[in-house]
Amino acid sequence: MLIKRYRDLFYIALGSLIYAIAINYFLIPTMLGEGGVTGLTTIAYYTLKIPTYLTNFVLNGLLLLVGLRFLDRKTIIRSLWAVVWLSIFLRIPVFYVYHTNQTIIPTIFGGVLTGISMSLILNAGGSIAGSTVLGRIFNKYFGTPVGSATLFFDLAVAIPSMFIIGFEKMLLTVLGLYISAKITNLSLARFGAKRVLQVISNQYEDIAQSISDNLGQGVTVVQAAGFYSKSDRPIIYFICTPKEMAHIIPVIRDADPQALIVTESVRSVRAADLYRLL
């Protein structure tokens with residue numbers, strides 16, 4: 001348990017580093033905007049030359065105070081951990097200034113990097129505060145995916161930013177936010193993802209025993225009946241990882257080449273995963 005805690009803290013710090021790289025090396029040199037608090041941070045930098053690390057720490061700290069009422073203590077602490085590390089990484093001087101006339105390139109890479117960083121931080125139980133806190137609140141009470149809810153609040157800042165960065169770069173900012181939201185949702189959907197296998201076969205007892213022996217776990221046999229054949233057709237139901245599925249399918253085929261196998265993805269299989277805000 002302690003190892004997992006340290007691993008989560010490491011992933012939060014890593015995600016904060018990636019986020020800072022996206023801001024310092026792709027967004028600011030191209031004068032692109034962002035959403036939420038980060039968007040306000042970039043606007044403050046463009047207009048008043050206020051350091052990004054300072055604005056990030058102050059505004060996100062205030063939002064975390066709001067989050068105290070709606071989010072659990074663990075999320076708040078880990079979010080504060082992320083905010084502190086993000087401010088530290090934003091404070092590090094830029095070693096190489098990236099310039100290009102093709103503004104679509106930093107837009108895409110900035111969106112991908114922020115999406116990856118968000119998924120790392122959120123999966124580790126934290127957030128970078130800002131609109132992510134609001135996104136988590138909406139997810140907790142309304143079931144809205146974090147990436148989608150965050151995108152909504154980000155747009156509320158990104159669209160008005162056109163008065164500072166211009167209409168074209170505002171459109172690129174929105175594109176970057178969309179890419180980030182999609183990457184966040186897709187990445188989170190893969191963490192803890194499992195496969196459900198349902199097997200229908202006359203050799204169900206042998207297959208169930210083989211699966212149990214290979215996986216080292218129990219399987220469920222659902223009593224069912226075929227409507228056309230008017231005979232019992234027990235269904236073997238079990239959950240495994242994609243890697244385990246690749247190993248189990250040949251075992252089933254060896255036991256009964258005519259077995260009907262139905263597979264589908266499941267989002268989560270444990271209460272702890274269900275409670276996690278995705």
Side-chain angles (χ1 to χ4, degrees), residues 1-8 11 71-72 74-75 78 115-116 118-126 135-151 181-278:
M1 194 67 179
L2 188 61
I3 295 177
K4 183 181 183 303
R5 185 181 306 169
Y6 285 131
R7 184 178 60 198
D8 288 343
Y11 282 138
L71 302 177
D72 58 277
K74 175 183 174 182
T75 300
R78 296 193 176 193
I116 292 174
M118 290 275 287
S119 62
L120 285 172
I121 294 171
L122 290 171
N123 187 64
R136 276 187 171 275
I137 293 173
F138 265 62
N139 174 264
K140 182 175 183 178
Y141 292 100
F142 302 102
T144 308
V146 171
S148 301
T150 301
L151 175 62
K182 294 298 291 186
I183 294 293
T184 299
N185 285 340
L186 289 174
S187 298
L188 288 176
R190 294 191 62 84
F191 284 111
K194 299 272 185 155
R195 301 288 293 182
V196 167
L197 268 70
Q198 300 180 67
V199 183
I200 301 177
S201 168
N202 292 328
Q203 308 298 324
Y204 71 93
E205 292 184 348
D206 294 336
I207 293 175
Q209 187 62 54
S210 297
I211 293 173
S212 181
D213 293 340
N214 279 274
L215 294 183
Q217 69 179 45
V219 297
T220 300
V221 177
V222 181
Q223 297 301 324
F227 179 79
Y228 180 79
S229 64
K230 305 300 182 182
S231 60
D232 292 338
R233 292 287 183 183
I235 300 174
I236 301 172
Y237 182 97
F238 65 99
I239 296 171
C240 63
T241 65
K243 182 179 180 180
E244 290 172 336
M245 184 183 72
H247 177 67
I248 288 298
I249 294 295
V251 173
I252 299 174
R253 288 302 187 191
D254 289 341
D256 183 6
Q258 303 301 318
L260 174 63
I261 305 173
V262 180
T263 69
E264 59 182 321
S265 297
V266 292
R267 181 63 192 88
S268 181
V269 295
R270 294 181 300 175
D273 289 332
L274 287 171
Y275 181 74
R276 189 180 59 190
L277 301 179
L278 302 180

Give every donor-acceptor pair under 3.5 Å between a side-chain atom in residues 249-260 and any protein atom, sequence neighbours left out.
from	atom 1	to	atom 2	distance (Å)
R253	NH1	P257	O	3.1
R253	NH1	A259	O	3.0
D256	OD1	Q258	N	3.0
D256	OD2	S201	OG	2.4

Under a 4.5 Å cut-off applied to non-hydrogen side-chain atoms, are [X] and [Y] in contact?
X	Y	result
I235	Y204	no
Y237	V221	no
V196	F238	no
P234	V222	no
Q198	I261	no
I239	R195	no

Tell me, please, which residues at least two apart from [X] pass side-chain hydrogen bond (donor to acceptor under 3.5 Å, both in side chains).
X	result
S210	none
D206	none
E205	none
S212	none

How many angstroms lie between CD1 in I211 and CD in E244, if you round to the nearest 0.5 Å?
11.5 Å

I207 and its side-chain contact (heavy atoms from CB on, under 4.5 Å) partner, picked from V219, V199, N202
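Passing option: V199.
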
Surrounding OH of Y11 (heavy atoms of other residues, nucleotides or ligands, distance under 6.0 Å), is the total greater than 12?
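Atom OH in Y11 is not crowded, with 12 or fewer foreign heavy atoms closer than 6.0 Å.
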
Among residues at least two apart in sequence or on other chains, which ones pass salt bridge (charged side-chain N to carboxylate O under 4.0 Å, His left out) with D8?
K4, R78

The criterion is side-chain contact (heavy atoms from CB on, under 4.5 Å); which residues satisfy it with I116, sequence neighbours excluded?
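I18, V112, L120, I183.
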
